[in-house]
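Values reported hereafter were calculated over all heavy atoms of this structure, with side chains retained and with hydrogens, waters and symmetry mates removed. Just follow the structure's listing: the first ligand is 1, and inside any ligand the first atom is 1.
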Amino acid sequence: MNELDALVESARAGFVQAATPADLENAKAQYLGKSGRITELMKGLGALSVEEKKTRGAAINQAKQAIEGALTERRQALADAELQAQLKAEALDVTLPGRQRGQGGLHPVSLTLERIEAIFGSMGFEVADGPEIESDWFNFTALNTPEDHPARSMHDTFYVEGGSEKAPNLLRTHTSPMQIRHAVQHVKRHRADLDAGRPMPEIRVIAPGRTYRVDSDATHSPMFHQCEGLWVGENVSFKDLKYVFTDFCRTFFESDDLVLRFRPSFFPFTEPSAEIDIQFQHGPLAGRWLEVAGSGQVHPNVVRNMGLDPERYIGFAFGMGPDRLTMLRYGVNDLRLFFDGDVRFLAQFR
Ligand code: PHE
């Protein structure tokens, strides 16, 4: 091997040994730099004859090109290796399974409310929503329950700021104030018909929502749900209440052999009044009477407070407990489970 070939070989070996771009540039300087081996050889040409210069110069040039080739090759190899290392370090494993998002679901009482709305909706009832902070007027007085009425003491409640001394604000103790609120709106909408003596479209509405009483044990919670129902027209009787509510219960519990009992009771805003009890004929609760609603024919004083003539308009109202219905439907024995917010309980209704 001649001296130039040996030089090329040693350069190539030096470049291969360079592990980083900086090492490589140092190695390059030894051959191609200002005082590198090739540069030195070029300088030596000056002492040669023209003929010798030609052949020697060409040979040196060839060696220089070979060294430059080896350098480029090594630079590329180092750049490739660096890229590979970077790719490896930042590797994204696209085969990793995605993170699961917990699947949510509706609260069991919400499921019941949806069910109630669907069933009454199919019977032509509207759904109305009203305030939980209510005035004494709508909660009691307009419902034929004046200030000194003993029935008020059954509804011990939470009074809140606002309102007047005569009509303080309170957390509504039942959804019955919605009877008045909704009827008044309805009457307002149909004022022209009424004034002209034309028949007014019937009031047929349910009003589900939260209600409050000072009460707390396994079957009573200070916050609970009710769903009011109201049907008022010129010819709506207690018989209609019976078939509507019976039909509702049988649909709700998906059972035709469910027996209902209308047990005489008292509410200031209905006359006559009845508690509605149901009895399952099968299953763990078979044979027991379970109270699910209060009901009755709307009291004439209440019809008047709706803005209607009690000689012409008549109807029924009921107020049921969706929490109770949910307990019966799913066999839950402690009401408080609904409001503890324990996911282990709630997840079972997903
Ligand atoms: N509001 C009554 C209660 O909370 C229930 C009821 C509603 C009774 C409508 C009659 C008519 O106990």
Side-chain angles (χ1 to χ4, degrees), residues 113 116 120 125-128 130-132 134-146 149-158 170-184 203-216 219-233 236-242 244-246 248-249 260-278 290-306 310 313-325 335:
L113 291 175
I116 292 172
F120 279 101
F125 281 73
E126 286 180 67
V127 179
E132 290 167 33
E134 191 48 283
S135 85
D136 181 276
W137 163 259
F138 285 110
N139 197 80
F140 291 122
T141 314
L143 291 166
N144 201 34
T145 317
H149 197 289
R152 281 201 181 204
S153 61
M154 283 161 39
H155 286 216
D156 201 3
T157 189
F158 305 95
L170 46 81
L171 297 184
R172 63 179 180 186
T173 60
H174 51 178
T175 45
S176 298
M178 282 307 292
Q179 289 185 32
I180 306 288
R181 284 186 178 275
H182 182 81
V184 164
I203 298 171
R204 210 182 300 171
V205 69
I206 58 166
R210 282 187 275 272
T211 48
Y212 304 83
R213 284 185 210 176
V214 181
D215 228 351
S216 187
T219 51
H220 296 90
S221 150
M223 187 287 295
F224 59 104
H225 296 85
Q226 278 199 344
C227 181
E228 199 75 7
L230 178 69
W231 187 346
V232 173
V236 182
S237 75
F238 212 93
K239 174 193 78 195
D240 298 306
L241 166 64
K242 283 183 111 170
V244 162
F245 210 85
T246 303
F248 163 72
C249 288
L260 275 78
R261 175 171 82 177
F262 289 74
R263 177 164 42 87
S265 184
F266 173 82
F267 299 101
F269 35 91
T270 46
E271 181 61 34
S273 304
E275 304 279 359
I276 306 177
D277 301 332
I278 62 171
L290 309 155
E291 185 183 317
V292 292
S295 67
Q297 189 166 304
V298 182
H299 193 288
N301 287 347
V302 175
V303 174
R304 203 170 289 118
N305 287 335
M306 291 171 174
Y313 289 95
I314 188 169
F316 66 77
F318 58 81
M320 63 180 153
D323 305 329
R324 201 75 200 290
L325 294 180
L335 179 69

Q: What do we get for H299 next to ligand 1 when only non-hydrogen atoms under 4.0 Å count, side chain, backbone, both or neither?
A: neither
Q: Compare all side-chain heavy atoms of V236 with those of R204 and state whether any distance is below 4.5 angstrom.
A: no
Q: Please classify the S273 to ligand 1 contact at 4.0 Å (heavy-atom distances, strictly less than): side chain, backbone, both or neither.
A: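 For S273, no heavy atom sits under 4.0 Å from ligand 1.
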Q: Does the pair R324/E291 count as a salt bridge with the N-to-O cut at 4.0 Å?
A: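 So R324 does not pair with E291 through a salt bridge.
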Q: Taking the inter-plane angle between the rings of H149 and F266 on a 0 to 90° scale, is it parallel (under 30°), tilted (30 to 60°) or perpendicular (over 60°)?
A: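 Parallel: the ring planes of H149 and F266 meet at under 30°.
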Q: Is any N or O atom of R213, backbone or side chain, closer than 3.5 Å to an N or O atom of ligand 1?
A: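 Right, the criterion is met.
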Q: What atoms of ligand 1 come closer than 4.0 angstrom to any heavy atom of S295?
A: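 Close to S295: 8 (C), 10 (C), 11 (C).
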Q: Does NZ or CZ of R213 lie under 6.0 Å from the centre of the six-membered ring of F224, at an angle within 45° of the ring axis?
A: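 Negative - R213 is either too far from the ring of F224 or too far off its axis.
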Q: Classify the ring geometry between F158 and Y212 as parallel (under 30°), tilted (30 to 60°) or perpendicular (over 60°).
A: perpendicular
Q: Counting from 1, what ligand 1 atoms have a heavy atom of G319 closer than 4.0 Å?
A: 6 (C), 7 (C), 9 (C)
Q: Which of the numbered atoms in ligand 1 are under 4.0 angstrom from any heavy atom belonging to E228?
A: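 With E228 as reference, the close atoms of ligand 1 come out as 7 (C), 9 (C).
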Q: Any N or O on T270 sitting closer than 3.5 Å to an N or O of ligand 1?
A: no
Q: Taking the six-membered ring for Trp, are the ring centroids of H174 and F269 within less than 6.0 Å of each other?
A: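 Here the rings of F269 and H174 have centres that are less than 6.0 Å from each other.
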Q: Hey, is Q226 one of the residues with a heavy atom under 4.0 angstrom from ligand 1?
A: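 The answer is yes: ligand 1 sits under 4.0 Å from a heavy atom of Q226.
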Q: So for ligand 1, is Q179 a polar contact partner (N or O within less than 3.5 Å, distance only)?
A: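 Not met; the criterion fails.
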Q: Do I116 and P208 make a side-chain contact, defined as non-hydrogen atoms from C-beta onward lying under 4.5 Å apart?
A: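 Side chain of I116 against side chain of P208, heavy atoms only: no contact under 4.5 Å found.
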Q: F269: heavy atom below 4.0 Å from ligand 1, yes or no?
A: yes
